[in-house]
There are 2 protein chains.
Amino acid sequence: MARTQGSHSDITGPKIRAVALRLFAQHGYAAVSMRQIAKEVGVQAGALYNYIPDKQSLLVTLMETHMTDVLAAWTARLETLDDADVLHRLEAFTRFHIRFHMERPDAVFIAYMELRNLTPAHFTHIEALRSRYENGLRDILEEGVSAKAFQITDPKITTLAVIGMLNGVMTWYRSGGRLSLEEVETIYWDMVRKAVGA
Amino acid sequence: MARTQGSHSDITGPKIRAVALRLFAQHGYAAVSMRQIAKEVGVQAGALYNYIPDKQSLLVTLMETHMTDVLAAWTARLETLDDADVLHRLEAFTRFHIRFHMERPDAVFIAYMELRNLTPAHFTHIEALRSRYENGLRDILEEGVSAKAFQITDPKITTLAVIGMLNGVMTWYRSGGRLSLEEVETIYWDMVRKAVGA
DNA sequence: GTCTATAGGCAGATAGAC
DNA sequence: GTCTATCTGCCTATAGAC
């Protein structure tokens with residue numbers, strides 16, 4: 001049979017990751033076959049193995065990329081706020097978290113839901129990245145407690161509670177609904193501010 | 001070959017559901033085979049089909065059972081509080097939600113994570129049950145607003161934010177840690193109370 | 001770098017014996 | 001009600017041609 005497509009393709013690698021991100025989020029890692037990914041990329045299944053050693057590595061790459069992206073983006077945002085007081089930094093984190101995560105719902109979903117499909121070593125690695133990000137919020141809360149700007153009994157738990165609350169947005173918000181994302185941010189910021197006693 | 005086990009077993013049905021609940025939560029619906037379930041139940045794969053028409057029905061049954069259990073338990077709890085004021089009802093919901101869900105982490109995880117594996121009809125059914133439960137919280141919040149006991153700009157969103165915050169407990173709390181569940185409940189109740197402006 | 005073809009194995013579900 | 005055996009089909013990953 002004649003080959004159906006020629007070689008050449010510097011974009012096949014990124015395309016594989018983009019397709020996998022969408023399919024893994026939609027159906028779950030275990031439910032997606034390499035053949036499905038290949039079909040949507042537009043190559044045969046065997047060709048995928050020129051870009052990835054195996055299916056699991058593809059998943060790890062997607063999760064790692066997402067976590068380092070979040071970290072880098074928040075670090076960059078924080079640098080623009082060096083002189084801001086602790087309340088403004090908390091507001092910045094709240095709005096940043098909602099907006100950044102709403103822009104990549106597939107990556108967010110995968111980074112949380114597919115942790116159980118990682119080997120222990122990969123799991124530890126990904127969770128370390130997540131901790132570094134969450135510590136960004138914890139640092140703000142602890143500074144607010146020291147400065148007596150916040151009334152918090154347990155900054156570690158408050159960190160987890162706030163992150164949990166903000167993550168909830170991803171489960172229900174759809175653009176084109178009753179509220180703009182800006183309005184949702186403001187409502188959540190109001191709740192976060194009150195919850196920390198500021 | 002001789003059969004390895006005799007017939008009779010009124011407990012095989014419940015056992016199948018218990019095993020499936022654990023395995024689906026641990027590895028994900030798509031990653032668990034009927035043979036795996038059968039092995040842990042102690043029967044051959046074919047025998048499972050005396051109890052369930054197919055794999056998907058098993059998943060639906062688990063999710064439906066969980067949702068009706070939550071609804072029934074909260075309804076029962078609410079009936080013991082008929083004369084309580086709105087602040088006490090909100091506290092009761094907060095503590096109930098954390099405690100009830102922490103007692104069945106597997107069912108909670110499945111009921112949230114495996115929604116994408118449902119047919120549209122099943123999805124609608126399960127989501128309707130979830131809405132009925134969440135409306136229990138929304139009713140409290142709206143009553144609190146009417147009574148001017150809470151300062152909330154948007155009860156619908158506050159409902160989702162509070163549920164999201166409380167659900168976060170399931171992702172990190174492990175018994176035997178630094179805090180008892182009672183203490184965690186109290187910390188979260190403190191945040192919920194402040195967040196609604198009570 | 002992509003193709004075709006295939007190895008080797010496991011999947012969900014069913015049939016018929018007991 | 002459970003067994004064994006099996007149908008049919010898809011899975012991941014690799015080999016070798018071009």
Side-chain angles (χ1 to χ4, degrees), chain A residues 1-63 110 114 116-119 122, chain B residues 1-63 110 114 116-119 122:
Chain A
M1 215 181 285
R3 76 198 315 168
T4 55
Q5 220 175 354
S7 60
H8 74 47
S9 206
D10 287 349
I11 59 158
T12 301
K15 205 168 173 185
I16 289 170
R17 288 185 284 278
V19 167
L21 189 76
R22 180 167 47 80
L23 291 179
F24 287 169
Q26 214 160 76
H27 308 291
Y29 171 77
V32 174
S33 71
M34 297 301 275
R35 282 176 174 79
Q36 266 179 280
I37 295 170
K39 188 177 177 182
E40 301 219 11
V41 169
V43 296
Q44 291 300 314
L48 299 177
Y49 293 89
N50 289 317
Y51 298 91
I52 52 161
D54 52 38
K55 192 184 175 189
Q56 159 107 207
S57 299
L58 180 53
L59 176 63
V60 173
T61 298
L62 295 176
M63 296 174 80
I110 290 171
E114 304 295 354
R116 60 188 170 191
N117 283 307
L118 298 179
T119 60
H122 285 140
Chain B
M1 214 181 285
R3 76 198 314 167
T4 54
Q5 218 173 358
S7 60
H8 75 48
S9 206
D10 287 349
I11 58 158
T12 300
K15 205 168 173 185
I16 289 170
R17 288 184 284 278
V19 167
L21 190 76
R22 180 166 47 80
L23 291 179
F24 288 169
Q26 214 160 77
H27 308 290
Y29 171 77
V32 174
S33 71
M34 298 300 276
R35 283 174 174 79
Q36 264 178 282
I37 296 170
K39 188 178 179 182
E40 299 218 12
V41 168
V43 297
Q44 292 300 314
L48 298 177
Y49 293 89
N50 288 317
Y51 299 91
I52 51 162
D54 52 38
K55 193 185 174 189
Q56 159 107 205
S57 299
L58 180 52
L59 176 63
V60 174
T61 299
L62 295 177
M63 295 173 80
I110 290 171
E114 304 295 355
R116 62 187 170 192
N117 284 307
L118 298 179
T119 60
H122 285 141

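Every chain is numbered from 1, with letters handed out A, B, ... down the list of sequences.
Rounded to the nearest 0.5 Å, atoms CE (A/M34) and CD (A/Q44) are 13.0 Å apart. The CG atom of B/L59 lies 13.5 Å from the CZ atom of B/R17; values are rounded to the nearest 0.5 Å. Going from atom CZ of B/R35 over to atom CG of B/L48 covers 10.5 Å, rounded to the nearest 0.5 Å.
Along DNA chain D, the nucleotide nearest B/N50 and the nucleotide nearest A/M34 are compared for position; the residue whose nucleotide lies closer to the 5' end is B/N50. Two residues, A/G46 and A/Q36, neighbour DNA chain D, and the one matched to the more 5' nucleotide by heavy-atom proximity is A/Q36.
The stretch residues 14-32 of chain B comes close to DNA chain C through B/V32, each having a heavy atom under 4.0 Å from the strand.
Here the nucleotide nearest the side chain of A/Y51, chosen from C/dT2, C/dG12, D/dA13, is C/dT2. Picking from D/dT4, C/dC3, D/dT2 the nucleotide with the shortest atom distance to the side chain of B/Q44 gives D/dT4. For B/K55, taking side-chain heavy atoms from C-beta onward, the closest of the listed nucleotides D/dT14, C/dA13, D/dT2 is C/dA13. For A/S33, the listed nucleotide lying nearest its side chain is D/dC11; candidates were D/dC11, C/dG12, D/dC3. Of all nucleotides listed (D/dA13, C/dT2, C/dT14), C/dT2 comes nearest to the side chain of A/V43.
Side-chain atoms of A/F24 and A/I37, non-hydrogen and from C-beta on, do get closer than 4.5 Å to each other. Put simply, the side chain of A/L58 does not reach to within 4.5 Å of the side chain of A/K55, judged on heavy atoms. You'll find the side chain of A/M63 stays beyond 4.5 Å of the side chain of A/N117, heavy atoms only.
A donor-acceptor pair under 3.5 Å is absent between the side-chain atoms of B/E40 and the main chain of B/V19, judged by distance alone. No donor-acceptor distance shorter than 3.5 angstrom exists from the side chain of B/Y29 to the backbone of B/I110, with no hydrogens or angles considered.
For A/D54 and D/dC11, the CG to P distance is 17 Å, given to the nearest whole Å. Across the protein-nucleic acid pair, A/L48 atom CG and D/dC11 atom P stand 13 Å apart, rounded to whole Å. Distance NZ (B/K39) to C1' (D/dC3): 18 Å, rounded to an integer number of Å. Summarising the geometry, the separation between CG on B/N117 and C1' on C/dG12 is reported as 15 Å, rounded to the nearest angstrom. In this structure, OH of B/Y49 is placed 16 Å from C1' of D/dT4, rounded to the nearest angstrom.
Dashed line: the shortest gap from a side-chain N or O of A/T12 to OP1 or OP2 of C/dT2 is under 4.0 Å.
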Name the pairs: protein N/O against N/O of nucleotides 7-9 of chain D, kept only if under 3.5 Å.
none

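Applying side chain to side chain contact (heavy atoms under 4.5 Å, CB included) to A/Y51 and the options A/V41, A/T61, A/V43, A/I16 leaves one that passes, A/I16.
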